[in-house]
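Encoded as structure tokens, the structure appears first; notes follow it.
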Amino acid sequence: MENEKNWQELRTECASCEKCGLCKTRTNVVFGDGNENSKIMFVGEAPGEKEDLSGVPFVGAAGKLLDKYLESIDLERKDIYITNILKCRPPQNRDPLPEEQDACIGYLREQFKLMRPKVVVCLGRISAMRLIKPDFRITAEHGKFFEKGGVTFCAVYHPAALLRDPRKKEDMYIDMRNIKKFCDGTLEK
Ligand code: URA
């Protein structure tokens with residue numbers, strides 16, 4: 001397709017992005033990581049400090065916990081693709097501003113178009129509110145599957161929320177198992 005960028009072009013464009021003020025405070029753009037041909041695309045909120053320093057998403061404490069959940073469904077990072085709504089770290093890890101999300105969302109759209117995953121899994125409320133619906137309620141609606149514009153979405157708790165409240169961990173295991181089943185075509189409706 002003529003107008004479609006390839007992964008390398010998109011990554012290069014994103015690396016020099018100046019569409020919002022976060023370009024002034026970032027160390028690295030955190031574009032995304034993992035398998036670009038995977039059926040599953042995980043989308044978090046925004047890079048934190050470790051991600052900003054390394055340029056890789058979910059490498060801090062929350063990311064290590066996410067790896068355990070992936071392991072619990074026999075997946076590794078190399079089997080999935082992972083990125084964020086924002087590609088640059090907001091100072092002091094504050095919530096992404098609407099205008100920052102608006103400036104950055106085009107990169108995610110392009111990533112999605114190139115990848116065409118079977119399911120997009122939102123990690124946490126901010127991602128779910130942006131990608132599924134603005135009034136998304138993570139406590140009530142985590143683990144549910146949504147169809148939107150021919151795309152299947154699901155949201156799970158953000159791993160940082162699980163670190164704060166371990167009582168949510170069992171729900172996370174259940175949601176992750178169902179996402180795996182959905183991808184394998186064995187989820188009973
Ligand atoms: N939290 C996120 O939402 N994304 C990261 O990359 C790291 C922590």
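Order of listing sets the numbers, starting from 1, for every ligand and every atom in it.
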Q.
For D52, is there an ion pair with R26 - N to carboxylate O distance below 4.0 angstrom?
A. no
T83 side chain to V43 main-chain N or O, any donor-acceptor pair under 3.5 Å?
-> no
Protein neighbours of ligand 1 with a heavy atom under 4.0 Å, given by chain and number, are G44, E45, A46, P47, E51, P57, F58, N84, H158
Q) Would you say the side-chain atoms of N28 pair up with the backbone N or O of V30, donor to acceptor, closer than 3.5 Å? A) no
Quiz item: Distance-only, no hydrogens or angles: does the S127 side chain make a donor-acceptor pair with backbone N or O of E45 under 3.5 Å?
Solution: no
Exercise. Salt bridge or not for K144 and D175, using N-O below 4.0 Å?
Worked result: no
I want to check a possible cation-pi pair here: K87 against Y107, using under 6.0 Å from ring centre and within 45° of the ring axis as the test. no
